[in-house]
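This report refers to the structure that appears directly beneath it.
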Number of protein chains: 2
Amino acid sequence: MIPSTILETYHPNLKTFSKDAIIFNETEMPRYYYQLKSGKVKMFNLTENGKVFTQGFFEKNTSFGEPPLFGSFPYPASAMCLEDCEVYVLEKKVFLNLLKAHPDVHLKFTKLLCNRMLYKAKIMKELSIHPPEHRILTLLHHLKDSANTEGLFEVKLTRQQISDLTGLRVETVIRAIKQLEKTKKLILKQRKVYI
Amino acid sequence: MIPSTILETYHPNLKTFSKDAIIFNETEMPRYYYQLKSGKVKMFNLTENGKVFTQGFFEKNTSFGEPPLFGSFPYPASAMCLEDCEVYVLEKKVFLNLLKAHPDVHLKFTKLLCNRMLYKAKIMKELSIHPPEHRILTLLHHLKDSANTEGLFEVKLTRQQISDLTGLRVETVIRAIKQLEKTKKLILKQRKVYI
DNA sequence: ATATTTGTATGATTTGAATCATAAAATAAC
DNA sequence: GTTATTTTATGATTCAAATCATACAAATAT
């Protein structure tokens, strides 16, 4: 995320997208840097048979879809608005110039990418070697950690969304959550999950 | 990877590790930048019950284990030498100073990280929504692509290594490969896999 | 040249998550 | 306030990959 003081000097385009709008599609070539001013965005893959795999969520004041800007690769996933969104848009070339001119921003940026990388490495391990309950628990703890809140954390995802994030079926998620409650790994209150 | 002309001016320590040596361990805090001069390194996770998940392989002239240098996170995986290795070692602080002093190196570095990121995103999708055969095929194609060779590519991995990279059992890998041969997705000659 | 270890192969069985079927709660829409 | 839709819930069944058990081939060591 680029601080607004710096971003503004590069005259970004402020675009609005309504709920469910697609900002970019998988396999499309990247042309812009996107920074979310308001709203919520989901990055996801869609398969032949209509299955969804969610790579991640992005909240306001974060950028998304940057990695392919640095290579000559298409987007590895699609971005969809979960709410109405306002997005700062910067041309790829302008964005790369900005980084060159602001080494401190570039470094912060690298840090961000590295954190996401570490998260992906963690999730990959989970996906391949751990059973459903463990996978869900890791996801929930990650959400809690990145929310950085005190005390009990309310998970604001539906079972289906957890399903899309973990690659498990909804029924499996529901059963695993019940089991996790029994073993006191989380708290269930009026169907809401707390951790 | 830092060009040797630049790297040398920072007086890196050239360390040698023998086959099977551990360069760093999962959960350890990162203190150094590592760049492989010769040999081969594997990044992996080990689970409670002795299962292995391989995050990736690193050949000579590549750096590894950089992401945690940018945060205050421990290594998400361990690094082991698959052969005798020579490794350039630079202190974290020196490495970060180098990047600050050489924006072009920093940018190339970001590109590298982004490419790895895209690969991880791809693999995550595979792991979660695609069946074994597809998973193996994607891995093999990725290996071929990154080898960047002409024509038929020989996969120099054992079935067990493919197992560790895909999170599938050896027997499953063997059976899937046979099936992939039948459907002409790859070529099997004297037990060697070509693609 | 033979023994040992490592890698490949295959059949039989088990198991755990996906799938199928169906319904009740909770929310949103009208 | 009623209807429609989405989310949560649960039991029954299926199925594909893991596991188990063994054996054979190939590479390495002695």
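Computed from a predicted model, the values in this text were never measured in an experiment. Chain A is the first sequence line, chain B the second, and so forth, proteins listed ahead of strands; every chain is numbered from 1.
Between B:Tyr75 and B:Phe24, the ring planes are parallel. Angles under 30° get that label, and only those over 60° would be called perpendicular. The aromatic rings of A:Phe109 and A:Tyr33 are tilted relative to each other, their planes meeting at an angle between 30° and 60°.
With the nearest nucleotide of DNA chain C identified for both B:Lys178 and A:Pro132, B:Lys178 has the one nearer the 5' end. When each of A:Thr172 and B:Leu157 is assigned the nucleotide of DNA chain C with its nearest heavy atom, B:Leu157 is the one assigned upstream, toward the 5' end. Positionally, the nearest nucleotide of DNA chain D for A:Arg191 lies more toward the 5' end than for the other of A:Arg175 and A:Arg191.
Per the geometry, CD belonging to B:Glu171 stands 16 Å off P belonging to C:dT13, to the nearest Å. In this entry the distance linking CD of B:Gln190 with C1' of C:dA9 reads 17 Å, nearest Å. Taking atom CD on B:Gln179 and atom P on C:dT8, their separation rounds to 19 Å, with Å as the unit. Taking atom CD1 of A:Ile129 as the reference point, atom P of C:dG16 lies 18 Å away to the nearest angstrom. Between A:Arg159 atom CZ and C:dA17 atom P there is a gap of 18 Å when expressed in whole angstrom units. When rounded to the nearest whole Å, the span between CZ of B:Arg169 and C1' of C:dT15 equals 14 Å. The CD atom of B:Glu181 sits 11 Å away from the P atom of C:dT10 (whole-angstrom rounding). For the pair A:Ile174 CD1 and C:dA23 P, the interatomic distance rounds to 17 Å; values are reported in whole Å.
In plain terms, the two heavy atoms of B:Phe17 and B:Cys81 that are nearest each other are CB-SG, 3.5 Å.
The number of heavy-atom neighbours closer than 6.0 Å to NZ of B:Lys40, taken from other residues, nucleotides and ligands shown, is 12 or below. Taking a 6.0 Å sphere around CD of A:Glu91, one finds it holds 12 or fewer heavy atoms contributed by other residues, nucleotides or ligands.
Protein chain A contacts DNA chain D over a range whose 5' and 3' limits, counting nucleotides with an atom under 4.0 angstrom from a non-hydrogen atom, are D:dT8 to D:dA12.
No path of Ile, Leu, Val, Met, Phe, Trp and Tyr side chains, each step under 4.5 Å between heavy atoms, connects A:Leu118 with B:Tyr32, placing them in separate hydrophobic clusters.
No donor-acceptor contact under 3.5 angstrom links the side chains of B:His130 and B:Thr138, judged on distance only.
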